[in-house]
Amino acid sequence: MHNKKDYRLIYMGTPEISAMTFESLIKSGWNFVALISQTDKEVGRKHQLVDTPTKVIAKKYQIPIYQPKKIREEYEFVKDLKPDLILTFAYGQIIPQGLLDIPKYGCLNLHGSLLPKYRGAAPIQRAIINGEKETGITLMEMIDKMDAGRMYATHKVKIDESDNYTSLSNKLAKAASEIVDNYLLKYLNGDLLGKTQDEKQVTFANKITSEEEHLNINLRAIEQINYIRALANTPGAYLYIGNEKIKIYDAKVYDDTNKYQLGEIVLIDKRLFYQAKDGLIELISIQPQGKNKMFVRDYLNGHQDIVGQILK
């Protein structure tokens, strides 16, 4: 029976959710010989290169970092690292069969849904958009078909009404590290049998398009709220007042009033609402174009003129 330190693992992941899990697993005693992350991104008006979140963690713990632009074409270096296993969580590129074949014990992926539901790029956002009450993490075999490999373990996570993409990601990052701690040694010791996915149950979670960030004012109030939650705190859903973009980070269904024009902004008891087709939506936290994110009560101090305008 081996323990955590006996295995040479490579971690593949890029965004914040993956970085949180990566750090938790390092602290838990797993032996990571390398991180493979997407390339760094330019941020802001000055186009400053910023380390990916997982790279920040790898630097902190002095773990070697590799950032191939196209993993399909640049993976020969992995052979020299002699990995026993590659563990992936939100890496962001399709991994070629040649790379999957390198580690002695194969490649496992942490996927942010209860497979076979929500295969694809945006399982967390799509679960919120669809009003799901639970989701989870699946520890699964990586094959050359997207999220289609055998499942080794699942960890369910409740979706609260107050959850948005950011808070649910935090819960799932914790669940991901727990599932690895509870099951990876069993897998490596050959004590975990995989379960084939039921292809009849498969659904897909397509990437959120930039068009979807513009809220559809014609959706029912609860559907609009679900979109707002799914896109908060990043990138943020928005509506327009005239040509000005207003991002909405927090809002809730207020009641089923339907006496104003669709999209009309209404002030009731010093609180701001807008009319959906089946009720009023209360605005709680917004970001007017060119300004910082703020609570609506603070915004109202200097912007009473917004009342009566139409959101589109």
Side-chain angles (χ1 to χ4, degrees), residues 4 7-44 47-103 105-112 120-125 137-144 146-147 149 165-166 169-170 172-177 179-180 184 205 207-208 233-235:
K4 292 176 181 179
Y7 295 99
R8 295 173 61 83
L9 306 186
I10 292 175
Y11 192 85
M12 294 182 77
T14 303
E16 190 61 46
I17 183 173
S18 189
M20 290 161 71
T21 299
F22 186 31
E23 181 161 36
S24 181
L25 293 174
I26 294 165
K27 286 179 173 175
S28 165
W30 292 96
N31 173 31
F32 290 101
V33 296
L35 164 74
I36 301 175
S37 152
Q38 292 261 54
T39 52
D40 298 335
K41 290 274 186 290
E42 290 183 352
V43 170
H47 302 293
Q48 281 180 305
L49 269 185
V50 172
D51 288 348
T52 64
T54 47
K55 184 178 179 179
V56 172
I57 301 302
K59 278 183 171 177
K60 182 174 168 184
Y61 294 95
Q62 297 172 324
I63 292 166
I65 298 155
Y66 299 85
Q67 294 178 283
K69 199 162 188 173
K70 290 183 181 168
I71 195 73
R72 281 197 167 280
E73 296 165 12
E74 307 168 58
Y75 62 81
E76 285 298 315
F77 69 90
V78 174
K79 289 178 182 169
D80 298 331
L81 294 167
K82 298 183 174 55
D84 290 309
L85 178 122
I86 292 176
L87 182 65
T88 305
F89 188 17
Y91 170 58
Q93 291 186 45
I94 301 290
I95 295 170
Q97 187 62 47
L99 177 51
L100 296 177
D101 292 339
I102 293 171
Y105 296 95
C107 302
L108 293 186
N109 182 41
L110 291 158
H111 183 72
I124 305 170
Q125 294 97 324
I137 293 284
T138 304
L139 181 67
M140 57 169 296
E141 166 196 35
M142 292 194 77
I143 59 173
D144 62 356
M146 186 177 65
D147 302 328
Y165 171 69
T166 300
S169 292
N170 292 345
L172 288 166
K174 187 169 181 286
S177 53
I179 208 171
V180 171
L184 189 54
K207 190 177 176 186
I208 302 289
N233 294 321
T234 181

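The structure displayed is predicted, hence computed values, not measured ones. What's counted below: heavy atoms across the whole structure, side chains too, no hydrogens, waters or symmetry copies.
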Closest contact, heavy atoms only, Pro123 versus Gly112
CB-O, 3.4 Å

Can you check whether Gly120's main-chain N or O pairs, donor with acceptor, with Asp147's side chain at less than 3.5 Å?
yes

Just checking Gln62: does its CD atom have more than 12 heavy atoms from other residues, nucleotides or ligands closer to it than 6.0 angstrom?
no

Asp40 side-chain N/O to Leu49 backbone N/O, donor-acceptor pair under 3.5 Å
no

Tell me yes or no: between the side chains of Tyr66 and Glu74, is some donor less than 3.5 Å from an acceptor?
no

Plane angle bin for Tyr11 and Phe22 - parallel if under 30°, tilted between 30 and 60°, otherwise perpendicular
parallel

Rounded to the nearest 0.5 Å, what separation is found between the OG1 atom of Thr166 and the CD1 atom of Ile17?
10.0 Å

Closest non-hydrogen atoms of Trp30 and Val180, given as atom of the first, atom of the second and distance, are CZ2-O, 3.8 Å

To the nearest 0.5 Å, what is the distance between NZ on Lys55 and CD1 on Ile57?
13.5 Å

Is there a side-chain contact between Tyr105 and Tyr7 (heavy atoms, below 4.5 Å)?
yes

Could you walk me through whether Ser169 and Ile124 satisfy the side chain to side chain contact (heavy atoms under 4.5 Å, CB included) test, starting with their C-alpha distance in whole Å, then the side-chain angles of each, then the deciding distance to 0.1 Å, before giving a yes or no?
CA-CA 7 Å; Ser169 292; Ile124 305 170; 3.9 Å; yes

Answer whether the closest heavy-atom distance between the side chains of Asn233 and Tyr165 falls below 4.5 Å.
no

Is there side-chain contact between Phe89 and Thr14, with at least one heavy-atom pair below 4.5 Å?
no

Restricting to non-hydrogen atoms, name the atom on Ile86 and the atom on Leu99 that form the minimum distance, rounded to 0.1 Å.
CD1-CD1, 3.8 Å

Check whether any side-chain heavy atom of Met12 lies under 4.5 Å from a side-chain heavy atom of Ile71, and answer yes or no.
yes

Contact between Pro83 and Leu9 at the side-chain level, heavy atoms closer than 4.5 Å - yes or no?
no

Distance check, rounded to the nearest 0.5 Å: Gln93 atom CD versus Ser37 atom OG?
9.5 Å

Inter-residue atom distance Leu110.CG - Ser177.OG, 0.5 Å rounding
9.0 Å

What heavy-atom pair brings Lys4 and Gly29 nearest, and what distance separates the two atoms?
CB-O, 3.6 Å

Between the CG atom in Asn109 and the CE atom in Met146, the distance rounded to the nearest 0.5 Å is 11.0 Å

Quick check against the 3.5 Å criterion: does Glu16 have a side-chain atom that pairs as donor or acceptor with the backbone of Thr52?
no

Using modelled atom types and a 3.5 Å cut-off, is there a donor and acceptor pairing between side-chain atoms of Arg8 and backbone atoms of Leu81?
yes

Checking Lys174 against Met20 for the side chain to side chain contact (heavy atoms under 4.5 Å, CB included) test, could you report, in this order, the C-alpha distance in whole Å, the side-chain angles of both residues, the deciding distance, and whether it holds?
CA-CA 8 Å; Lys174 187 169 181 286; Met20 290 161 71; over 6 Å; no

Using every non-hydrogen atom in the two residues, find where Leu108 and Glu141 come nearest and quote the distance to one decimal.
CD2-CA, 3.9 Å

If every non-hydrogen atom of Leu100 is compared with every non-hydrogen atom of Pro103, which pair is closest and at what distance?
O-CD, 3.5 Å

Under 4.5 Å between any side-chain heavy atoms of Ile36 and Pro68, yes or no?
yes

So CG of Leu35 and CD1 of Ile10: to nearest 0.5 Å the spacing works out to 9.5 Å

Is Thr54 reaching over with its side chain to a backbone N or O of Gly13, donor-acceptor style, under 3.5 angstrom?
yes

Taking atom types as modelled and ignoring hydrogens, do the side chains of Gln38 and Gln67 form a donor-acceptor contact shorter than 3.5 angstrom?
no

Flag, side chain of Ser28 to backbone of Ser24, donor-acceptor distance under 3.5 Å
no

Who are the ring-ring contact (aromatic ring centres under 6.0 Å, His included) partners of Tyr75, not counting sequence neighbours?
none

Are any of the side-chain heavy atoms of Ile63 and Ile26 separated by less than 4.5 Å?
yes

Do Ile179 and Leu184 come close enough that some side-chain heavy atom pair is under 4.5 Å?
no

